[in-house]
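Read through the structure below, which is laid out as structure tokens, and then see the notes.
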Amino acid sequence: MLQEALKEIKRGAAEIIDNERIEKLLKAYFDNKETYTVKVGFDPTAPDLHLGHTVLLQKLAIFQKYGAKIQFLIGDFTAQIGDPTGKSATRKTLSAFQIQENAASYKEQVFKILDPLKTEVVFNSEWINPLGASGMLTLTTTFNVARMLERDDFDKRYKSGTSISISEFIYPLLQGYDSVHLKSDIEIGGTDQKFNLLMGRHLQRAYETGKEQAVLMMPILEGLDGVQKMSKSLNNYIGVADEPNDMFGKVLSISDELMWRYYELLSAKTLSEIEALKNGVADGSLHPKKVKEELALEITARFHSEVLANEAKMEFDRVHSNNQIPTEIEEFSSDGEISITKALVDCNLAPSTSQARRDIKQGAAKINQEKIDNEHLQLRSGEYILQVGKRKFAKLKVS
RNA sequence: GGUGAGUUAGUCAAGUGGCCAACGACGGCGGACUGUAAAUCCGCUCCCUCCGGGUUCGGUGGUUCGAAUCCACCACUCACCA
């Protein structure tokens with residue numbers, strides 16, 4: 001029982017620091033029902049969770065199954081520092097109202113996976129603000145610059161001559177201090193967070209809290225391109241809040257190779273089940289597309305429902321396998337005659353008139369399934385189905 | 001505070017007075033092929049309803065018939081010195 005729990009907890013983990021401690025905590029739970037805390041931190045600026053985040057969340061859900069109380073930390077204070085990597089864009093300070101709103105949005109998404117009864121949502125401004133200048137100073141005495149520069153990304157930036165702001169040095173310290181305040185037993189995060197996660201251990205020791213948190217790191221999930229990490233800014237993500245059709249389509253668009261990665265980190269299937277699928281594909285008894293569809297169904301069903309997932313699959317087959325028009329298309333209307341280029345822009349099918357013209361020239365634009373060959377075409381009153389490329393559709397009513 | 005180097009499109013990066021809306025690479029988009037996959041091949045990639053025109057190369061001002069390119073100042077980044 002204990003062994004199984006441990007196995008489940010360790011599945012997919014990239015690295016675990018202080019394995020022993022985790023084992024002890026679990027043993028205490030199984031023997032005496034003692035609970036423990038697992039901390040995870042999120043930035044309040046980006047409340048749109050994607051599958052990359054859910055790798056962590058799913059892991060937390062497993063912990064909850066085995067006696068953990070989750071400390072879901074929203075870094076409202078640390079967000080003010082953020083990561084000013086070059087760029088002129090000064091970090092926007094979020095208003096208290098915005099933070100509350102983002103937090104609410106987080107909860108809504110997060111509780112699709114986590115058990116709210118075993119989750120405590122906390123904000124770090126609550127204890128960092130009272131620190132004051134002197135508290136902050138004390139914090140900075142616990143660490144030195146040379147060690148700070150050991151951190152991989154600082155090191156790279158320093159060597160490559162990119163600027164590093166002093167405030168960025170404070171960031172890991174504050175994150176570590178969160179663990180001091182919360183007396184966390186375990187903290188989990190992505191492998192890119194290793195330095196910050198270890199800082200929690202360091203500070204818990206420096207502040208003589210009597211414990212040092214164990215650290216469990218999950219691998220970073222690659223985005224749809226299969227190369228860079230999944231992130232909103234790279235636009236290679238599958239959002240938790242994505243529509244079923246989008247979600248299904250996006251999963252299906254990943255490469256076969258990447259599919260196995262997603263299986264490992266996102267699927268509820270056991271490792272041996274996944275191994276069986278792999279063998280099936282390798283010896284030709286399973287078509288990779290079928291295997292990918294299964295994954296797409298599983299993921300879509302998790303965030304929506306099985307019914308909606310199946311509908312998404314049917315819609316997908318309809319549009320892509322049979323080249324039909326989707327059942328639901330966004331509708332637009334126009335008063336009076338309109339030129340085709342303007343129509344494409346107005347319907348969000350092209351970002352600019354110039355682009356619209358190019359699309360037409362390249363034969364990418366269609367009206368009612370027919371290629372447009374005249375870029376000066378005027379649309380008179382009536383209803384049109386406009387299409388650019390394979391996936392972008394819109395319905396336009398001209399009156 | 002001093003000295004030197006730098007700032008070009010989504011990113012990297014050429015271009016040092018007219019042939020520059022600006023080489024190239026990556027990315028992105030479209031087409032062919034497919035399993036809306038990958039790989040591959042081809043095309044496009046500032047804006048403007050065509051012809052043609054407009055606005056760009058950190059910012060401001062200047063030199064010049066003409067500036068991404070020269071000059072001045074400002075801002076930002078990096079290195080070395082203090």
Side-chain angles (χ1 to χ4, degrees), chain A residues 84-90 149 154-166 168 222-229 231-238 242-243 245-263 280-282 284 286-297 300 312-326 334 336-366 371-379 386-393:
Chain A
T85 334
K87 302 294 183 250
S88 54
T90 324
L149 285 173
F154 282 150
D155 185 53
K156 275 194 198 127
R157 282 164 64 188
Y158 190 67
K159 283 183 179 150
S160 73
T162 316
S163 91
I164 301 171
S165 148
I166 299 279
E168 290 179 83
E222 291 86 351
L224 300 174
D225 52 51
V227 181
Q228 286 182 281
K229 71 169 186 177
S231 89
K232 205 184 168 194
S233 54
L234 292 172
N235 198 25
N236 63 356
Y237 70 104
I238 300 176
D242 279 355
E243 295 296 316
N245 287 343
D246 283 344
M247 203 178 264
F248 187 89
K250 281 182 184 177
V251 175
L252 221 55
S253 79
I254 64 176
S255 72
D256 291 357
E257 205 185 329
L258 187 60
M259 161 173 86
W260 299 118
R261 185 87 171 136
Y262 278 33
Y263 257 114
V281 170
L286 278 171
H287 193 293
K289 194 191 174 206
K290 286 270 169 271
V291 180
K292 207 181 289 175
E293 269 174 1
E294 212 172 306
L295 177 69
L297 281 172
T300 311
K313 175 176 165 4
M314 277 158 58
E315 177 74 3
F316 183 89
D317 288 342
R318 209 180 113 74
V319 177
H320 299 289
S321 307
N322 306 326
N323 273 323
Q324 308 213 342
I325 295 162
S334 149
E337 199 172 293
I338 185 170
S339 70
I340 181 62
T341 45
K342 186 162 189 327
L344 291 177
V345 175
D346 286 356
C347 296
N348 296 329
L349 297 178
S352 72
T353 331
S354 301
Q355 182 64 47
R357 203 175 308 131
R358 275 178 228 121
D359 286 338
I360 293 170
K361 221 174 272 176
Q362 296 189 105
K366 290 180 189 166
K371 237 178 227 178
I372 304 170
D373 45 15
N374 173 14
E375 60 183 270
H376 304 300
L377 190 69
Q378 291 286 325
L379 298 181
L386 303 177
Q387 180 183 358
V388 171
K390 285 176 198 159
R391 340 182 171 185
K392 284 178 285 185
F393 294 89

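The chains referred to below are lettered A, B, ... by the order of the sequence lines, with proteins before strands, and numbering in each begins at 1.
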Seminar exercise, completed: Sorted by chain and residue number, the salt bridge (charged side-chain N to carboxylate O under 4.0 Å, His left out) partners of A:Glu243 (sequence neighbours excluded) come out as none
Problem set entry | Partners passing side-chain hydrogen bond (donor to acceptor under 3.5 Å, both in side chains) against A:Arg391 (at least two apart in sequence or in another chain) | none
Dump the pairs, protein N or O against N or O of nucleotides 21-24 of chain B, anything under 3.5 Å, distances to one decimal.
none

For this session: Could you check how far NZ of A:Lys361 sits from C1' of B:C42, rounded to whole Å?
Result: 17 Å
Each nucleotide N or O in nucleotides 37-41 of chain B that has a protein N or O under 3.5 Å away: list the pair and distance.
from, atom 1, to, atom 2, distance (Å)
B:A37, O2', A:Ile254, O, 3.0
B:A37, O2', A:Ser255, N, 3.4

Seminar exercise, completed: The side-chain contact (heavy atoms from CB on, under 4.5 Å) partners of A:His287 (sequence neighbours excluded) come to A:Lys289, A:Lys290
Exercise. Between A:Leu286 (CG) and B:G35 (C1'), how many Å, whole number?
Worked result: 15 Å
Problem set entry | For A:Lys392, side-chain hydrogen bond (donor to acceptor under 3.5 Å, both in side chains) partners two or more places apart | none
For this session: Write down the distance between CG (A:Asp359) and P (B:U45), rounded to a whole number of angstrom.
Result: 11 Å
For this session: Only counting residues at least two apart or in another chain, list the ones meeting salt bridge (charged side-chain N to carboxylate O under 4.0 Å, His left out) with A:Lys390.
Result: none
Exercise. Rounded to whole angstrom units, what separation is found between the CG atom of A:Asn348 and the C1' atom of B:C29?
Worked result: 16 Å
Problem set entry | Those residues that, when tested against A:Tyr263, pass ring-ring contact (aromatic ring centres under 6.0 Å, His included) (two or more places apart) | A:Trp260
Problem set entry | Strand partner of B:C26, provided both Watson-Crick or wobble distances fall under 3.5 Å | B:G10
For this session: With sequence neighbours left out, write down each residue that passes salt bridge (charged side-chain N to carboxylate O under 4.0 Å, His left out) with A:Lys313, or none if nothing qualifies.
Result: A:Glu293, A:Asp317
Seminar exercise, completed: Walking RNA chain B from its 5' end, the first of A:Ser352 and A:Gly389 to be reached, judged by nearest nucleotide, is A:Gly389
For this session: I would like to know whether A:Ile360 and A:Leu344 meet side chain to side chain contact (heavy atoms under 4.5 Å, CB included); could you show each step before the answer?
Result: CA-CA 10 Å; A:Ile360 293 170; A:Leu344 291 177; 4.1 Å; yes
What are the atom names and distances for every N/O pair under 3.5 Å that joins the protein to nucleotides 79-82 of chain B?
none

Problem set entry | For B:C46, the Watson-Crick or wobble partner whose two distances fall under 3.5 Å | B:G54
Atom pairs under 3.5 Å: protein N/O with N/O of nucleotides 49-53 of chain B:
from, atom 1, to, atom 2, distance (Å)
B:U49, OP2, A:Thr353, OG1, 3.2
B:C50, OP1, A:Arg357, NH2, 2.6

For this session: Look through every strand shown and name the nucleotide pairing with B:G17 as Watson-Crick or G-U wobble, where both distances are under 3.5 Å.
Result: none
Problem set entry | Qualifying salt bridge (Lys or Arg N to Asp or Glu O under 4.0 Å) pairs with a residue from residues 348-362 of chain A, counting only residues at least two apart or across chains | A:Arg357-A:Glu375
Problem set entry | Pairwise 5' ranking along RNA chain B for A:Val388 and A:Pro288, keeping only the more 5' one | A:Val388
For this session: Pick base, sugar-phosphate or nothing for A:Ile164, based on heavy-atom distances below 4.0 Å to the nucleic acid.
Result: sugar-phosphate
